[in-house]
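To start, the structure under review is shown below, and the notes come after it.
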Amino acid sequence: MTGRPTPVLDELRAATARLAASGIDSARRDAEWLMAHVLGIDAGRLVLVDAIDDAPARAFRSAIDLRSQRIPLQHIIGTAAFGPVELAVGPGVFIPRPETEYLLEWAVDRLRATPGPHSAADFCSGSGALAIGIAAMSPATRVVAVEADEDALVWLRRNVAAAAPAGGSRVDVVAADVTDPDQVAGAVPAGSVSVLVTNPPYVPLDAVVGPEVAHDPARAVFGGADGMSVIVPMVPVIARTLTPGGVVGIEHDDTTADAVVSCLHAHGDFEEVTRHTDLTGRPRFVTARRRQAGSVGRGMAG
């Protein structure tokens, strides 16, 4: 025997209070996302639903139980929105963060600035967020997504295949370690890429991170004691991959902007090295241009 339908607002109020008590700042938003997920509708249509029956109510409460344990919202619903695309995510792959969309927008702006076909690359591609986002927003661009981790590659290939109509058909997946020049050279021709982006593991090992980060693979989060253990050996590989005049954007930890800038300058093949912040003023990524033949260094910008 089923009970009476439960008002949606009552369920959302109770769920919001429980999530807030668990330390989740976005409690109301998360509750609404989980309710919409259970009902199979867009979150914006919740206002049209007055009450739910027993089965969806139980499913919703189970989802709230998981979220209250600080399991990421994206693992519960199975997807993560990123720019114009929706990606499948779960255990074994890093959940793309909204902050990385700043890097996506920068890359697409660079590609749009010059007409004609382009080649781009996404190093440490993970779920494929940047690679697929670039392909979706820049129809004249072919993208190579480079990833070494076997678990992440499963998600990457799945997302590229699912995004085929939206640009995924122009994304080539390469299994290679971006810090190994020989591995990358075997798959990506030297000087073949005009725009390269990377969101590598960059969090210093002693950094304090939120409970949800514990559900991301540590190998996709932490970049050694100083957060630079992947970025430093990757820079020479980036220089080799970029065409002369090509540009790179490297996301980094809040504390390592200076280290990334110094690393790019120390290599010698980069100019126009520039820091970028997000809308809150936090250091977010560094960009640089590979020197043209005979180019004279211009020093540090930004």
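Salt-bridge formation is not detected for the pair R240/D269: no Lys NZ or Arg NE/NH1/NH2 atom is positioned less than 4.0 Å from an Asp or Glu carboxylate oxygen. We find that R67 and E212 are joined by a salt bridge, their nearest charged nitrogen and carboxylate oxygen being less than 4.0 Å apart. Ionic pairing of E271 and R289 is not present here: no N-O contact between side-chain nitrogen and carboxylate oxygen is shorter than 4.0 angstrom.
Taking both residues in full, the closest heavy atoms of P200 and V230 are given as CB-CG1, 4.0 Å, listed atom of the first, atom of the second, then distance. For the pair T141 and V143, the tightest heavy-atom approach, listed with the atom from each and the gap, is CG2-CG2, 4.0 Å. What you find for D253 and Y202 is that their closest heavy atoms are N-CD1, 3.1 Å.
Evaluation of the side-chain contact (heavy atoms from CB on, under 4.5 Å) rule for V174 yields V144, V146, A176, A187 as partners, not counting sequence neighbours. P139 meets the side-chain contact (heavy atoms from CB on, under 4.5 Å) test with R170; sequence neighbours excluded. By the side-chain contact (heavy atoms from CB on, under 4.5 Å) test, Q74 is found to be paired with P72, A80, V89, I95, residues two or more places apart in sequence or in another chain being considered.
Using a distance-only test at 3.5 Å, with no hydrogens or angles considered, no donor-acceptor pair links the side chain of T280 to the main chain of D278. Between the side chain of N199 and the main chain of E251, no donor-acceptor pair closer than 3.5 Å is present. In this structure a side-chain-to-backbone donor-acceptor pair under 3.5 Å is present from R291 to G268.
Looking at heavy atoms from C-beta onward, V160 lies in side-chain contact with I132 at the 4.5 angstrom threshold. Contact annotation: the side chain of F270 approaches that of V235 to within less than 4.5 Å [non-hydrogen atoms, C-beta and beyond]. Here the side chains of L87 and P96 are in contact, with some heavy-atom distance below 4.5 Å. At a threshold of 4.5 Å between non-hydrogen side-chain atoms, the residues I250 and I238 count as touching. Counting only heavy atoms from C-beta outward, the side chains of E147 and V93 never approach each other to under 4.5 Å. Contact of the M228 side chain with the V260 side chain is registered, since non-hydrogen atoms from C-beta on lie closer than 4.5 Å.
Heavy atoms of other residues, nucleotides or ligands lying less than 6.0 angstrom from CD of E150 number 12 at most.
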- Step by step, work out the ring-ring contact (aromatic ring centres under 6.0 Å, His included) result for F285 and H276. CA-CA 5 Å; F285 62 97; H276 297 258; 4.5 Å; yes

